[in-house]
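On a predicted model such as this, the values are computed, not experimentally measured, just so you know.
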Amino acid sequence: MKLIYAIVNNDDSHMVSSELTKGGFSVTKLASTGGFLMSGNTTFMLCTENERVEEAIEIIKKCSRRRKQYANATNIGTMEMQTATFPVEVSVGGATIFVTDVERFEKV
């Protein structure tokens, strides 16, 4: 058995959840926050047989798209030490996926 952790953008969360459920996977959703942009994410946890890991990952990839977004960046001028903010284009979305071995799994 394997445990899959998938961290996806909140914008993709509903579709990932729906498609995994349609695929017969039982998922647990946790609210999480990204460290770089401090934006909302959803962390999915699902336990599955080794043979179904790639199927689950393909569903997550299909439903988690990358997109461009503007975020404010701070530029500190060295001459006058004034702080200015300006928009910077960053890539968000997609999925970060971890797969780990499961020593023991019980549903009680």
(request) Please list all pairs passing the salt bridge (charged side-chain N to carboxylate O under 4.0 Å, His left out) test where one or both residues lie in residues 20-31, with sequence neighbours left out. (result) Glu19-Lys22

(request) Spell out, as yes or no, whether a donor-acceptor pair under 3.5 Å connects the side chain of Asn9 to the backbone of Asn41. (result) no

(request) Would you indicate whether the side-chain heavy atoms of Thr100 and Tyr5 approach each other to under 4.5 Å? (result) yes

(request) Measure the spacing between OG of Ser13 and CD1 of Ile7 and express it to the nearest 0.5 Å. (result) 12.5 Å

(request) For Ser18, check side chain to side chain contact (heavy atoms under 4.5 Å, CB included) against everything at least two apart and list the hits. (result) His14

(request) Keeping to residues at least two apart or across chains, list the salt bridge (charged side-chain N to carboxylate O under 4.0 Å, His left out) pairs with something in residues 95-108. (result) Lys2-Asp101, Arg104-Glu106

(request) Output all residues satisfying side chain to side chain donor-acceptor pair (under 3.5 Å) with Ser17, sequence neighbours left out; order by chain, then residue number. (result) none

(request) Can you see which heavy atom on Met45 is nearest to which on Leu30, and at what distance? (result) SD-CD1, 3.6 Å

(request) Each residue besides Val16 in its hydrophobic cluster should be listed here, by chain and number; the cluster joins Ile, Leu, Val, Met, Phe, Trp and Tyr at side-chain heavy-atom distances under 4.5 Å. (result) Ile4, Val8, Leu20, Phe25, Val27, Phe44, Leu46, Val53, Ile57, Ile59, Ile60, Ile97, Val99

(message) If the condition is side chain to side chain donor-acceptor pair (under 3.5 Å), which residues does Thr43 pass it with, not counting sequence neighbours?
(response) Ser32

(request) Could you list all the salt bridge (charged side-chain N to carboxylate O under 4.0 Å, His left out) pairs where at least one residue sits in residues 42-53, not counting sequence neighbours? (result) Arg52-Glu55

